[in-house]
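In this text the structure is predicted, and so the values were computed from the model without any measurement. Hydrogens, waters and symmetry mates are skipped; everything else that's a heavy atom, side chains included, is used.
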Amino acid sequence: MGKGSRSRQGDLFVQALGAQGGSQDLPLQKHQLLQWQERLLAFQQPRFVAVAQGRSIAAGQINLLDGDVAGPAATVQRLDPLALAPQHLQFWRWPEANNLGAALYFVIDRPPHLAGHLLLYVGETGQADRRWKGEHDCKSYLAAYGEALQQVGFASQLSIRFWSDAPTAVRPRRALEQALIRHWLPPFNKETRARWATPFTADID
């Protein structure tokens with residue numbers, strides 16, 4: 001898919017949601033959304049298979065020369081997001097918190113029409129029971145993503161999963177988060193949106 005078609009895909013999405021109060025020309029088409037999902041699946045699926053089998057895979061652009069981070073590449077290769085317990089995205093409304101303290105977390109979809117999972121977002125927090133409350137960039141992307149799926153008749157199975165063995169110190173925890181982002185290239189992280197021409201935003205060039 002060329003740059004022009006990617007930009008057009010973003011334009012169509014904006015028009016469909018009226019994000020800029022503009023025209024009601026063409027909605028985001030089903031095949032466009034499916035192509036976007038399939039591109040992401042084709043990249044991430046070998047990584048899911050490798051980590052489940054205990055194999056290493058080329059870790060993208062991981063280049064952490066930080067002495068405070070102990071073995072980030074090794075952690076990236078062994079941390080399987082699908083092995084973590086899935087939770088509803090509204091977990092923070094529960095009377096008792098299941099997640100406390102420092103953590104890395106993964107927002108994952110398992111679309112019934114695809115043959116695998118999509119890792120949409122990687123984040124880090126020092127307070128796992130509070131990070132998802134209030135405003136959050138990923139929430140707006142997920143809302144737009146859900147609306148786009150609904151418009152074309154696609155279902156989703158979204159979950160959030162926490163890894164509580166994350167470093168408690170901010171610097172190494174964020175460095176590990178960045179290593180995971182570079183490995184998985186989740187489309188809703190700001191560092192990787194351009195990579196996927198993510199259509200779930202109003203600010204695509």
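- Once rounded to the nearest 0.5 Å, the distance linking CZ of Arg110 with OG of Ser159 reads 11.5 Å.
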Apply side chain to side chain contact (heavy atoms under 4.5 Å, CB included) to the pair Val122 and Glu177, showing each step before the final yes or no. CA-CA 7 Å; Val122 174; Glu177 174 201 33; 4.2 Å; yes
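- Counting heavy atoms from C-beta outward, Leu79 and Val51 have side chains that stay 4.5 Å or more apart.
- Listed here is the closest heavy atom pair of Arg39 and Arg195: NH2-O, 3.6 Å.
- Side-chain contact between Leu104 and Leu180 is present, with heavy atoms from C-beta onward closer than 4.5 Å.
- The closest side-chain heavy-atom distance from Arg171 to Arg174 is not below 4.5 Å.
- Between Phe188 and Tyr145, the distance from one ring center to the other falls under 6.0 angstrom.
- Side chain of Arg173 to backbone of Thr168: a donor-acceptor contact under 3.5 angstrom is found.
- Annotation: cation-pi geometry satisfied between Arg47 and Phe43 (NZ/CZ under 6.0 angstrom from ring centroid, within 45° of ring axis).
- Using a 4.5 Å heavy-atom threshold, the side chains of Pro112 and Gln157 count as touching.
- Remark: aromatic rings of Trp184 and Phe48 are close, center separation under 6.0 Å.
- Of the possible donor and acceptor atoms, one in the side chain of Gln44 sits under 3.5 Å from a partner among the backbone N and O of Leu119.
- Residue Ala166 comes nearest to Ala102 through the heavy atom pair O-CB, 4.2 Å, listed as atom of the first residue, atom of the second, then distance.
- For the pair Trp163/Thr75, a side-chain contact is recorded, criterion being any heavy-atom separation below 4.5 Å from C-beta on.
- Here the CD-NE2 distance, from Gln45 to His117, works out to 9.0 Å after rounding to the nearest 0.5 Å.
- Side chains of Trp36 and Trp196 form a contact here, defined as non-hydrogen atoms less than 4.5 Å apart.
- Using a distance-only test at 3.5 Å, with no hydrogens or angles considered, no donor-acceptor pair links the side chain of Asp109 to the main chain of Leu118.
- Of the inter-residue distances, the one linking Tyr121 atom OH with Lys190 atom NZ reads 7.0 Å to the nearest 0.5 angstrom.
- Interatomic distance, CD1 of Ile108 versus CG of Leu120, reported as 8.5 Å (0.5 Å rounding).
- For the pair Arg161 and Val107, the minimum side-chain heavy-atom distance is 4.5 Å or more.
- For Leu34, the side-chain contact (heavy atoms from CB on, under 4.5 Å) criterion is met by Gln37, Glu38, His113, Leu114, Phe154, not counting sequence neighbours.
- Taking every heavy atom of both residues into account, Gln53 and Arg55 meet most closely at OE1-NE, 2.8 Å.
- Side-chain contact check for Leu84 versus Phe162: every heavy-atom pair is 4.5 Å or farther apart.
- Qualifying side-chain contact (heavy atoms from CB on, under 4.5 Å) partners for Thr192, counting only residues two or more places apart in sequence or in other chains: Ile181, Leu185, Pro186, Asn189.
- Here the closest heavy-atom approach between residue Gln29 and residue Val152 is recorded as C-CG1, 4.1 Å.
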